[in-house]
Amino acid sequence: MTQLITPVNYIKYCISSINIVVYRFFRMFTRLTKPTLADMTSHSIFRHALFILTTLCFAHSLIAQEIPQCGTVATPESEQFIQDLMPKINQYEQTFYQLSSQRSSTAVSSVPIKAHIIRTDGGFGGLTETQVANAIADMNLYYANAYLEFFLCDGINFIDSSEYYDFSTDEQDALTLANNVTNVINIYFANTVSTEEGAGLCGYAYFPGGPEVIMMNNSCALNGSTLTHEMGHFFALSHTHGNSNSSLTTELVDGSNCASSGDFICDTPADPQLSNSNVNASCNYVGSATDANGDFFNPNPLNIMSYSRKSCRTEFSPQQYARIYAVYQASRSEMNCPSFNVDIASNYTRDCSNVLDVDFVDNSAGATSWQWDVDGDDVIDYTTQNPTHSYTSTGTFDVTLTISNGTDNITKVYQNYIEVGSEAIATTELILTLTTDDWPSETSWVLRDSNGTPLYTSPTYVEGVDDFQTFTENFAIATNECYSFEMIDSYGDGICCASGFGSYNLSTLEGNVIVSGGNYGSGETTYMANDVLSVDNYFKTNSISLYPNPSYQQLNIQPSNMNDLPDSYHIYNVLGQEITSKEINNVSDLTINTTPLNSGVYYIRLNKRNHSETLSFIKN
């Protein structure tokens, strides 16, 4: 391996070269065959020359020495992997923006890291556990804005090997094969990191689709920005100057090609590749480079994904946070520490009725206690392992589970996990009117029943034939059934308005519009409940009342038809926690003893076959 030239070695080499040059010129100037040091230093001109050249040598060493940078490389395979993910990424980015403006929960998902500290054969050198913990804590301050946090999985793995202590990239396969933990982020901390040719690196990572490995130079891991920078690559962030370090970015200053050039992020300005030479100590850009249009670059020296001074890099942009969140959801959310992880299941995740009972099942590893927030309001609803919750209002709800193993806590947020309610319709037929844009082959749709079975699917629309055409489809549907209609765009830009003004409209046979639009990104889904009045719909032909309300000692359920009783009832408190329930077999079951209930507001849900109705009452 080529020896890495350090600043000290460079200075020694430089001074040695100056001495040789001065010696040879002195011989020529004085005609002395073998001048001594006294001969040379007796001439003031050569003393001055030697001083000037030596000073220049030192100055040049400080300017010319290559500051270790990032060794992350975007391969054609990783670029294709991300391109294939872009429809999902775009969809999750929109979810992130909605969460940023509407989300009430402060919970973040815990992402496992396996830290590997490399020391010498004798166990000397390497970072301390405290230094690693502090570096991760610093990184978490940033990634919390993408609703993520990192934690150490099963402690630290110490690798006592002088061979890897000063690490070269050609040693990665052997090192990681012996030490990697699957399905977590493996971060290796080495004394130095260099390429096979000997060039120094601060670190490197892999984009999604590559190994789950990050390699760090110890000193760079502690500088406050490089570890966060490399983790950005792990979540598909490119350098702000683009994926090439050897040519000027093609991204234009006016932002017209920001989505397809540079870092593929549009709220980070075009960057001509920042460095210590064009960013001053005050973190201001002082360069004068221009783009292909002749416009002067105005990059952001504070961006973490730039090559700015390490101490200047202190921020991600909002779209970078959105990209981190989206890539986690699309390709990294299944990472789990083998001995300590969060995993849940449930009997239902959506229903088109306005009430949904959900049995949650904890499948986590290593948990000894549990905290469930089942509706995303930052309030702990249950501390049991496998709770049951009744959702009594329509909406989409996050479910968050925090577990503890007695020492550490980790959390996982399941975004939009529960969906309750749907668009109420009453018809026997749906009508779809679709006008395509200039890229019809990207457009498709599907109508599914409550089991997820496709009932109607789109034909294949053909480029050059079906552009800007209007199509009408008719769907016969059954009563008392739930349906979902999904519009899909494979490129992720909808059918309006980038490539023409396409649109779609889904309505009932009677002409009532259910949903319409065109600017839906990768796609959108509409849920419908076709609840046509029928003899089966008990609560539309039987009114129910409660008395006395407020209740003191008992509450009576009064159906309008005492010969046709509800099947059962469930009582819930205002948090949605079930208090009691009972099967109704005769009239006596309609009287409820409320003495055990605390004072407050309660909800009673009455069930009849596949229908239900929820009423409120007050206990005094």
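- Residues Tyr461 and Phe471 bring their aromatic ring centres within 6.0 Å.
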> Checking ring-ring contact (aromatic ring centres under 6.0 Å, His included) for the pair His241/Tyr307: CA distance, chi angles, key distance, verdict?
Replying inline: CA-CA 8 Å; His241 59 262; Tyr307 267 16; 4.7 Å; yes

>> Apply side chain to side chain donor-acceptor pair (under 3.5 Å) to residues Tyr188 and Asn180 and explain how you reach the verdict.
In response: CA-CA 10 Å; Tyr188 292 83; Asn180 260 17; 2.6 Å; yes

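- Not less than 6.0 angstrom separates the ring centroid of Phe234 from the ring centroid of Tyr206.
- With sequence neighbours excluded, no residue satisfies salt bridge (Lys or Arg N to Asp or Glu O under 4.0 Å) with Arg313.
- A centroid separation of 6.0 Å or more is found between the aromatic rings of Tyr325 and Phe235.
- Remark: SG of Cys266 is found under 2.5 Å from SG of Cys258.
- No side-chain donor-acceptor contact under 3.5 Å links Asp343 and Asn336.
- Side-chain contact of Ser484 with Thr525: a donor-acceptor pair under 3.5 Å is absent, judged by distance alone.
- Each salt bridge (charged side-chain N to carboxylate O under 4.0 Å, His left out) pair with one or both residues in residues 257-286, not counting sequence neighbours, would appear here, but there are none.
- Checking Glu315 against Tyr321 by side-chain atom types alone, no donor-acceptor pair falls below 3.5 Å.
- Looking only at side-chain heavy atoms (C-beta outward), Tyr483 and Leu447 come within less than 4.5 Å of each other.
- For Ser110 and Glu149, the side-chain atoms include at least one donor-acceptor pair closer than 3.5 Å.
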>> Would Cys337 and Cys153 count as a disulfide (SG to SG under 2.5 Å) here? Give the steps.
In response: CA-CA 6 Å; Cys337 180; Cys153 171; 2.1 Å; yes

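- Residue Ser331 forms a side chain to side chain contact (heavy atoms under 4.5 Å, CB included) with just one option from Ile89, Ile82, Leu85, and that option is Leu85.
- With a 6.0 Å cutoff to the six-membered ring centre and a 45° limit on the axis angle, Arg448 does not count as a cation-pi contact of Phe485.
- Side-chain contact of Ser225 with Thr228: a donor-acceptor pair under 3.5 Å is absent, judged by distance alone.
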